[in-house]
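Here the structure comes first, spelled out in structure tokens, and everything after it is commentary.
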Amino acid sequence: MKERAVFATKFGAIATTVGSAVGLGNIWRFPYEAGIHGGGAFLICYLLFVFLIGVPLLCAEFSMGRGTRSNIFGAYRKLCPGGRWQWSGYIGILASLLILSFYSVVAGWTVEYFVSSAMGSLDFSNKEVGHAQFVALTTGWRPLLWTVIFLLSNFVIVIGGVTKGIERAANILMPMLFLLLLIFCVNSLMMSGASEGLRFLFSPDFSKITPSVLLGAMGQAFFSLSLGLGCMMTYGSYFSNSTRLARTAVTTATLDLMVAILAGVIIFPAVFSFGLSPEAGPTLVFEVLPFIFSKLPAGSLWSALFFLLLFLASLTSTVSMSEISISFFCEEKGMSRKRATILNTAIAMCGGVLCALSFGVLSDFTIFGMTIFSLFDYASSNVCLPIGGLICSVFVGWVVKQRYLGEELSNKGSFRFRMLWWISFCLRWICPVAIVVIFLNSIGLI
Ligand code: PHE
């Protein structure tokens, strides 16, 4: 069998996991979810989930991946031969394909906005145009084209293998995106509605914490940290033996959180300055951003640069979600990497087209009261990922020998890892109980 690739440098390993975590989830999904779910109340729940569930699960996924050097199926199988745990891999594959489908549509919008800004045709002039412009750009057939173009770009990167393309791109792009966000942040803080926007985001009204806010915040934590579907497990399998897993987990979670909060600080002051509603849903960020750029000198230039980087950040995320089904097709089904990549792209294209059309001709077609796009989003983030996370936490917390986690987190005893009891406690108790309670609560069973 071919030897598995290993990330060339430690910085590369962190940059790549952060590359998977940071993407549209932070910049597009976080503000819209926070907007719908009451701002501060959502943020508090989200913070708790990132550190109480996210970090321990990242440690668990990294440990399973690096210890077994396998994809999600192989990892469960090697650690518990003959068990049925590996079936959770199917949930992971389903989730990855659902996410890849709707994610590519939003990434396609970023390409559309990039092209329009670069050609100077994005209108920044007044507050009525944001929505109309979004509708004009995202209904009809053009979004289909951009979705397909995005998936093809993803295909080209993925087919090149693991260490080369992705690592190199992530090393340069992530810091650049961060810098740009900081600049936009200062710009937003100078707007007239800044204090109202900050109050919305940072002062929690605890009475707003409902089961659906809790489920939304938990789903967002899973989505944003790429957890519950075996993605971080697969990346963990490429880590070198000297990578410190818990440190990588905390760094990834912290940077991911910072980007989400920065996005909130950019978006909400603008929402209130321009008298818009924070509850616009998935379209929020795209309707608000043009106003933000209108406040900057040479707005179209900033706008083009931002959407270009956002497009690239989305690519580093989709590359990681593609890796799940591709490593499954290659390592479990014996397909060549090329065929596996083609299959992955073809499935995502079918799903992507349906999602793209649900903003146009299929907008009235709903299942459980949701459009296809929202259904894919909801089913993956709020259902599949938490279930995958539940299985992983129970498996590492209760089924695998306690020593395993300790050995992986201390690099086989090469240093003392003091927080093992805490990570273990979270995996055994906090994660499973929280996930089950929130889940049952939100469907009205308890
Ligand atoms: N975490 C990515 C983001 O925030 C999305 C993602 C989900 C990537 C699941 C991989 C797997 O954009």
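Atoms within each ligand, like the ligands themselves, are counted from 1 in listed order.
Summary of contacts: the protein heavy atom closest to atom 2 (C) of ligand 1 is S20 O, 3.2 Å. Here the protein heavy atom with the shortest distance to atom 1 (N) of ligand 1 is F223 O, 2.8 Å.
In L301, the CG atom is not crowded: 12 or fewer heavy atoms of neighbouring residues, nucleotides or ligands sit closer than 6.0 Å.
Rounded to the nearest 0.5 Å, atoms CE (M321) and CG (N154) are 8.0 Å apart.
Residue S224 has at least one nitrogen or oxygen atom sitting less than 3.5 Å from a nitrogen or oxygen atom of ligand 1, judged on distance alone. Annotation: A21 places an N or O atom under 3.5 Å from an N or O atom of ligand 1; distance criterion only. At least one N or O atom of G25 sits closer than 3.5 Å to an N or O atom of ligand 1. For ligand 1, the polar-atom distance check finds an N/O of L24 within less than 3.5 Å of one of the ligand's N/O atoms. Polar contact check, C231 against ligand 1: no nitrogen or oxygen pair lies under 3.5 Å apart.
For L179, there are no side chain to side chain contact (heavy atoms under 4.5 Å, CB included) partners at least two apart in sequence or on another chain.
Between S226, A313, A95, it is S226 that holds the heavy atom closest to atom 11 (C) of ligand 1.
Cation-pi check for R77 over W85 is not met; the charged atom does not lie both under 6.0 angstrom from the ring centroid and within 45 degrees of its normal. With F223 as the aromatic partner, R29 meets the cation-pi criteria of under 6.0 angstrom to the ring centre and within 45 degrees of the ring axis.
Remark: distances from the non-hydrogen atoms of Y103 to ligand 1 include one below 4.0 Å.
The aromatic ring centroids of Y113 and W109 lie 6.0 Å or more from each other.
Atoms of ligand 1 lying under 4.0 Å from at least one heavy atom of G23, given by number and element, are 3 (C), 4 (O), 12 (O). Interface atoms of ligand 1 facing M321, defined by a heavy-atom separation under 4.0 Å, are 6 (C), 8 (C), 10 (C), 11 (C).
Across every non-hydrogen atom of P56 and F51, the tightest pair is CD-O, 3.4 Å.
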Can you give the donor-acceptor pairs under 3.5 Å from side chains of residues 386-397 to other protein atoms, not counting sequence neighbours?
| from | atom 1 | to | atom 2 | distance (Å) |
| --- | --- | --- | --- | --- |
| S393 | OG | G389 | O | 3.3 |
| S393 | OG | L390 | O | 3.0 |

